[in-house]
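Heads up: the structure comes next, in structure tokens.
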Amino acid sequence: MGVVRNIQGGQVKDLITKFFFRNNHLCFQILLHLEGNETIIYKEYNDYSEYKLAFNELQQIRSKNNSLIIPNKNIKLETTEIKVA
């Protein structure tokens, strides 16, 4: 899996969901907006129930300031690229 990044839940300022279509299927992407205006992709889902379960887990991690491990393959985004509806 390569290099990983360890983030404390308290470093996550916002959890953002990006909705989009891929091959006529609705997809969900969870983005983590971190301190220092850094935004990274956490994970992408094709199934709403899997997405919702992961989103709820991230909310718990964030509120309890637990550790979160993210693979380095996830892409860093500029905050100007994110368009929230």
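Along the sequence shown, residues carry numbers from 1.
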Between CD on residue Gln11 and CZ on residue Arg62, distance to nearest 0.5 Å: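 So the gap between those two atoms works out to 12.5 Å.
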
State the OG1-CD1 distance between Thr39 and Ile16, to the nearest 0.5 angstrom.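 One finds 5.5 Å between OG1 of Thr39 and CD1 of Ile16.
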
Within-4.5 Å side-chain heavy-atom neighbours: [X] and [Y]:
{"X": "Leu58", "Y": "Val12", "value": "no"}
{"X": "Tyr42", "Y": "Leu31", "value": "no"}
{"X": "Asn65", "Y": "Gln8", "value": "yes"}
{"X": "Leu32", "Y": "Leu15", "value": "yes"}

Report the residues that fulfil side chain to side chain contact (heavy atoms under 4.5 Å, CB included) with Asn66, sequence neighbours left out, ordered by chain and then residue number.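 Partners of Asn66 by the side chain to side chain contact (heavy atoms under 4.5 Å, CB included) criterion, ordered by chain and then number, come out as Ile61, Lys64.
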
Can you pull the salt bridge (Lys or Arg N to Asp or Glu O under 4.0 Å) pairs that have at least one residue in residues 20-30, sequence neighbours excluded?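 Checked against salt bridge (Lys or Arg N to Asp or Glu O under 4.0 Å) - neighbours excluded - the pairs reaching residues 20-30 are Arg22-Glu44.
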
For [X] versus [Y], what's the shortest heavy-atom pair and its separation?
{"X": "Glu38", "Y": "Ile40", "result": "OE2-CG2, 3.8 Å"}
{"X": "Lys13", "Y": "Leu34", "result": "CD-O, 3.7 Å"}
{"X": "Phe28", "Y": "Asn46", "result": "CE1-O, 4.4 Å"}
{"X": "Phe21", "Y": "Leu26", "result": "CD2-N, 3.8 Å"}

Identify each donor-acceptor pair in which a side-chain atom of residues 48-57 lies under 3.5 Å from a protein atom, sequence neighbours left out, and give them as a table.
| from | atom 1 | to | atom 2 | distance (Å) |
| --- | --- | --- | --- | --- |
| Ser49 | OG | Asp47 | OD1 | 2.4 |
| Tyr51 | OH | Thr17 | OG1 | 2.7 |
| Asn56 | ND2 | Lys52 | O | 3.3 |

According to side chain to side chain donor-acceptor pair (under 3.5 Å), who are the partners of Asp14, at least two apart in sequence or on a separate chain?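 Scan of Asp14 (side chain to side chain donor-acceptor pair (under 3.5 Å), adjacent residues dropped) gives none.
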
Donor-acceptor check, side chain of Arg5 to backbone of Leu68, threshold 3.5 angstrom: yes or no?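 Checked: no pair found.
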
